[in-house]
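Let me begin by presenting the structure, written as structure tokens, before commenting on it.
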Amino acid sequence: SKFKSRFLDPNGVFVDLGSGHGRICNHIALTHGRDMKAIKGVELCKKRHALALEQSEKIEYPGTKPEFINEDMLKTDLSDATIAYFDNTAYKHEFLYDIFSLLPPDCVIVYKSGFIMTGDPTFCIETTYNNNLPEDIEPLGNYTIRKAAWRYGRGHDF
């Protein structure tokens, strides 16, 4: 993976902004929990946050257990983040710049849309949306973004 060293850093802190039910944080904790200092999910919706907590209690993690924070991501201290993920598909483009301003300069943020406006480099992402669908169903991948972009918290030195 492009950012594998970030997930193998013993001082690494992964943050999922808008973590929902906590699936991404749980995945990171299960695959890289032994290697990272902290894994955090930030979710404003109380119901989704509660479901993330409930789900995390059912999992036996091999290392770092994810921390789920119920608050506005724009009011969250992100100063220790080394890699962040933000699915900004449904957000206005300007909101992305608000997120960038909260991140440390060397933090890598991976995000889903708006990269044409930022000029950030993109990479293809694999999805499982089209696996094992019946033939009479139109592939869901036709409606999903198949690329993601990345940048350092304060942009790139191009």
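Computation of the quantities below employed the complete heavy-atom set of this structure, encompassing side-chain atoms and omitting hydrogens, waters and symmetry-equivalent molecules. If you're wondering where the values come from, they're calculated on a predicted model, not measured in any experiment.
- Under a hydrophobic clustering in which Ile, Leu, Val, Met, Phe, Trp and Tyr are joined whenever their side-chain heavy atoms come within less than 4.5 Å, directly or via other members, L51 and I69 fall into different clusters.
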| query | After noting the C-alpha distance and the side-chain angles of L8 and H32, does the key distance pass the side-chain contact (heavy atoms from CB on, under 4.5 Å) rule? | reply | CA-CA 7 Å; L8 299 174; H32 296 290; 4.1 Å; yes
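- Atom CG of L96 and atom OH of Y91 lie 11.5 Å apart (nearest 0.5 Å).
- The CG atom of L53 sits 14.5 Å away from atom CZ of R48, with the distance rounded to the nearest 0.5 Å.
- For E54, the salt bridge (Lys or Arg N to Asp or Glu O under 4.0 Å) test picks out K58, with sequence neighbours left out.
- Atoms CD1 and CZ, on I83 and F7 in that order, are 3.5 Å from each other to the nearest 0.5 Å.
- The heavy-atom pair separating A52 from G20 by the smallest distance is CB-O, 3.8 Å.
- If you chain together hydrophobic residues whose side chains sit under 4.5 Å apart, L30 and I39 never meet in one group.
- Residues satisfying the salt bridge (Lys or Arg N to Asp or Glu O under 4.0 Å) test with D80, not counting sequence neighbours, are K40.
- With rounding to the nearest 0.5 Å, the separation of OG in S101 from CG in L74 is 8.0 Å.
- Both Y97 and V15 are members of a single hydrophobic cluster when ILVMFWY side chains are connected at heavy-atom separations under 4.5 Å.
- Shown here for A29 and P66, the closest heavy-atom pair between the two residues is CB-CD, 3.7 Å.
- Checking side-chain atoms of N70 against main-chain N and O of L44 turns up a donor-acceptor pair under 3.5 Å.
- No continuous path of hydrophobic side-chain contacts links I24 to I59 [ILVMFWY only; heavy atoms under 4.5 Å].
- M73 and F68 sit in two unconnected hydrophobic clusters of ILVMFWY residues. Membership requires side-chain heavy atoms under 4.5 Å apart, directly or through other members.
- The shortest non-hydrogen separation linking E71 to D77 is OE2-N, 4.5 Å.
- Proximity of the aromatic rings of F95 and Y111 is defined here by a centroid distance below 6.0 angstrom, and this criterion is not met.
- Taking CG of N26 as the reference point, atom OG1 of T31 lies at 10.5 Å (rounded to 0.5 Å).
- Of the possible donor and acceptor atoms, one in the side chain of R6 sits under 3.5 Å from a partner among the backbone N and O of T82.
- Within the model, atoms CD of E43 and NE2 of H21 stand 8.0 Å from one another, a figure rounded to the nearest 0.5 Å.
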